[in-house]
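First comes the structure, then the notes that go with it.
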Amino acid sequence: GAGVSQSPSNKVTEKGKDVELRCDPISGHTALYWYRQSLGQGLEFLIYFQGNSAPDKSGLPSDRFSAERTGGSVSTLTIQRTQQEDSAVYLCASSFYGVNPGELFFGEGSRLTVL
Amino acid sequence: EDKVVQSPLSLVVHEGDTVTLNCSYEVTNFRSLLWYKQEKKAPTFLFMLTSSGIEKKSGRLSSILDKKELFSILNITATQTGDSAVYLCAVEEYGNKLVFGAGTILRVKS
């Protein structure tokens, strides 16, 4: 596809369950970000992948959160033992680091609701 | 700790008004400052600024960066209802992540 694709677009889960959110970045983009946005809030940085470098995980809020990026392309954000405070929109973005690394292309987000 | 602060948090204006949105930042290895517009879901890119004093323009929107005072402004002239959105400022460091501010919610009333 031409843009960043995220799935699922909506996820409702029960407290304590694990969830996986998927991001397909734009082909050829070397940088990939995950952000979290709660209602009426700004974008909270979670994790950043750049090429083959070790990811910057400094924004992950707890050890229940993890992410991986396979083959330098698709990324999966996993939240274990979900809590109600995890409810938010999870946005993925990618960029081509060698050109305009700050120009991020965002997906439509995955809205997570933890009951 | 790096931070990006936007003001005002929210703003309500009438069509035709001019607005100025502010973004101040503190980062250790500045590379660029970016403005994004978020209407419903995905933020969309507006401007990237790397040099002080050089205005970037796109239609009724313009932005400028002051690297000495560590801030940027986004101006919107002759506002329209379609300008209603959250405007996000982000700062990029060399080799590092983009850090976003909390955003300014702009509502343009007809």
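Because only heavy atoms are used, hydrogens play no part in the values below, and waters and symmetry mates are left out as well, while side chains stay in.
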Rounded to the nearest 0.5 Å, what separation is found between the CG atom of A:L104 and the CD atom of B:E92? 8.5 Å
Do B:F71 and B:L21 share a hydrophobic cluster (ILVMFWY, side-chain heavy atoms under 4.5 Å, transitive)? no
Counting only heavy atoms not in A:K15, do more than 12 fall under 6.0 Å of its NZ? no
Take atom CZ of A:R64 as the centre, draw a 6.0 Å sphere, and report whether it contains more than 12 heavy atoms from other residues, nucleotides or ligands. yes
Can you tell which part of A:E44 gets under 4.5 Å to a heavy atom of chain B, answering side chain, backbone, both or neither? neither
Contact summary for A:G107 and B:A42, nearest pair of heavy atoms: O-CB, 3.1 Å
Quick one: CD on A:E108 to NZ on B:K40, what's the gap to the nearest 0.5 Å? 10.0 Å
Using ring centroids (six-membered ring only for Trp), state whether B:F100 and A:Y35 fall under 6.0 Å. yes
Check this for me: A:L115, atom CG, are more than 12 non-hydrogen atoms of other residues, nucleotides or ligands nearer than 6.0 Å? yes
Between atom CG of B:L88 and atom CD of A:Q37, what is the distance when rounded to the nearest 0.5 Å? 7.0 Å
Counting only non-hydrogen atoms closer than 4.5 Å, does A:S58 touch chain B with its backbone (N, CA, C, O), its side chain (CB onward), both, or neither? side chain
Given side chain to side chain contact (heavy atoms under 4.5 Å, CB included), test B:Q38 with A:L91 step by step and report yes or no. CA-CA 12 Å; B:Q38 185 177 26; A:L91 289 163; 4.1 Å; yes
A:E14, CD: over 12 other non-hydrogen atoms inside 6.0 angstrom: no
Below 6.0 angstrom between ring centroids: does that apply to A:F106 and B:Y36? yes
I'd like to know if B:L34 and B:I73 are part of one continuous hydrophobic network [Ile/Leu/Val/Met/Phe/Trp/Tyr, side-chain heavy atoms within less than 4.5 Å]. no
Assess whether atom CG of A:N52 is packed by more than 12 heavy atoms of other residues, nucleotides or ligands within 6.0 Å. no
Under 4.5 Å, heavy atom to heavy atom: which of residues 16-24 of chain A reach chain B? Give them by number, or say none. none
Which one wins on heavy-atom pair count under 4.5 Å against chain A: B:A90, B:S32, B:S10, B:A102? B:A102
Look up atom NZ in B:K41 and atom OG in A:S110, then write down how far apart they are to the nearest 0.5 Å. 9.5 Å
Check whether B:Q6 gets within reach of chain A through its side chain, its backbone, both or neither, counting any heavy atom under 4.5 Å. neither
For the hydrophobic clusters of this structure (ILVMFWY residues joined by side-chain heavy atoms under 4.5 Å, transitively), does one cluster hold both A:L32 and A:F105? no
Does one hydrophobic cluster hold both B:V91 and B:L46, with members joined at side-chain heavy-atom distances below 4.5 Å? yes
Does any heavy atom of chain B fall under 4.5 Å from the side chain of A:L43, the backbone, both, or neither of them? both
Please determine whether residues B:V19 and B:L65 belong to a single hydrophobic cluster, defined as Ile, Leu, Val, Met, Phe, Trp and Tyr linked transitively by side-chain heavy-atom distances below 4.5 Å. yes
